[in-house]
Amino acid sequence: MPEGHTVHRIARLFEGLFAGQGITASSPQGRFSEGAALISGRTVQAVEALGKQLFITVDNDLVVRVHLGIYGAWDVATLEGGHARAGSASMESLGAPRVSTTRIAEAERTRAEDEPFPPAPIGAVRLRMETDRVVADLRGPTACEVLTPEEVLRVRGTLGPDPLVDRGELGLGEFVSRLARTKRPIGIALMDQSVVAGIGNVYRAEILFRHRLDPYRPAQSVPEDVAVDLWRDWSVLLEDGVKTGVMLTRSDLDAAGRTRALRSKAERYFVYQRHGQPCRVCGTTVSMDLMAARKLYYCKACQSALP
DNA sequence: TCACAATGAACAA
DNA sequence: TGTTCCTTGTGAC
């Protein structure tokens, strides 16, 4: 998925495109027809992200909750000069990576000249939201449902703090105490959305490496000052990810290296999907284990000391 | 053509 | 712990 940074980007983009606007909602694929009918014709009041969840509130107090899961994505097209346009700087596809590259290229090719607006949906579109000049298509979400405000509160209650929502000491304290409360491995705890909301498999692996933490170490045994560092580091990474749209977690790069890494996926990470290759710091072969059925990447040499 | 992977999580047992 | 679901692109046949 689309970890937390992607969802915050979507929320900011949608806030600009839809807030205050009347929308028409539909489900070209048909699986969300009833939900779409509940919000169609309404005005969007707010678009918010919390962890990996997106909440779109409309003026009858109903809220659409969207969770992209591993491969969900939004494609956005805007009307410019009478023609559909997709793929410009702000019109990226937001979600699963394979979509964001190929789908955009495709969209630019096929929609540049004469496709009428709105463009026909491509593939299995669960939800289409449109205004006079904007169309957003959602495909492959793990969750897309209409909730009442009370139900939204219940969902939010299951989530841990998000640095961009729970700013300042509040989120920090909450994270530290939730981490101290679990004996499970720190590699599991960081992925647990009720401990901290928004971290996924990529950020999990990279944050652990950045702090040279053994993924198997009980979360409880992580010293409080280290826990504080983890939260601050996650806050920085998240903000950076929202800004660039890219998860760039290397701390060992100069400006030129950073520019390269922003372009090339192979340069972005310390350990994620680098198993079998030498650790960028010590040269030891990067390991890959299964932890709770997810792939865990780490360096056994760098991430073994007990601080 | 087909198996499989992918930034996730709910559920059964 | 294992299974299932959501959708698409890739790479092996």
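Sequence lines set the chain letters: A, B, ... in the order given, protein chains first and strands last, and positions in each chain run from 1.
B:dA6 atom C1' lies 9 Å from atom NZ of A:Lys265, rounded to whole Å. What separates NZ of A:Lys295 from P of B:dA9 is a distance of 18 Å, to the nearest Å. Atom CG in A:Leu296 sits about 13 Å away from atom P in B:dG8, given to the nearest Å. Atom CG in A:Asp192 sits about 10 Å away from atom P in B:dA10, given to the nearest Å. One can place CG of A:Leu290 at 13 Å from P of C:dT3, the figure rounded to the nearest angstrom. In this structure, A:Asn201 places its CG atom 9 Å from P of B:dA6, rounding to the nearest Å. The CD atom of A:Glu3 sits 9 Å away from the P atom of B:dA9 (whole-angstrom rounding). Atom-to-atom, OH of A:Tyr297 to C1' of B:dA6 comes out at 10 Å; the value is rounded to the nearest Å.
Within the 4.0 Å cut-off from OP1 or OP2 of B:dA9, at least one side-chain nitrogen or oxygen of A:His67 is found. Remark: A:Arg126 is not in phosphate contact with C:dT8, judged by side-chain N or O atoms under 4.0 Å from OP1 or OP2. At B:dA9, none of the side-chain N or O atoms of A:Gln53 fall inside 4.0 Å of OP1 or OP2 (strictly under the cut-off). Within the structure, a side-chain polar atom (N or O) of A:Gln29 is placed less than 4.0 Å from OP1 or OP2 of C:dT7. At B:dA9, one or more side-chain N or O atoms of A:Lys52 fall inside 4.0 Å of OP1 or OP2 (strictly under the cut-off).
B:dA9 and C:dG9 have their P atoms separated by 23 Å, given to the nearest Å. For the P atom pair drawn from B:dA5 and C:dC13, the interatomic distance equals 14 Å after rounding to whole Å.
Comparing B:dA6, B:dA9, C:dT8 by their nearest atom to the side chain of A:Ala124 picks out C:dT8. When the nucleotides B:dG8, B:dA9, C:dT7 are ranked by their closest atom to the side chain of A:Arg294, B:dG8 comes out on top. Ranking B:dA6, B:dG8, C:dT7 by closeness to the A:Arg31 side chain, first place goes to C:dT7.
Defined by atom type and a distance below 3.5 Å, a donor-acceptor pair is missing between the side-chain atoms of A:Thr182 and A:Arg178.
Residues A:Asp252 and A:Arg280 are not paired through a salt bridge, judged by the lack of any N-O separation under 4.0 Å between the basic side chain and the carboxylate.
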> Do A:Arg65 and A:Glu145 pass the salt bridge (charged side-chain N to carboxylate O under 4.0 Å, His left out) test, and can you show the C-alpha distance, the side-chain angles, and the key distance before you say yes or no?
Replying inline: CA-CA 5 Å; A:Arg65 179 182 79 97; A:Glu145 58 181 358; 2.8 Å; yes
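Both tests pass for A:Arg212 against the ring of A:Phe209: distance under 6.0 Å to the centre and angle within 45° of the axis.
Shown here, B:dA13 forms no base pair; nothing in the strands shown gives a Watson-Crick or G-U wobble contact with both key distances under 3.5 Å.
In this structure, the side chain of A:Arg204 engages the main chain of A:Gly187 through a donor-acceptor pair within 3.5 Å.
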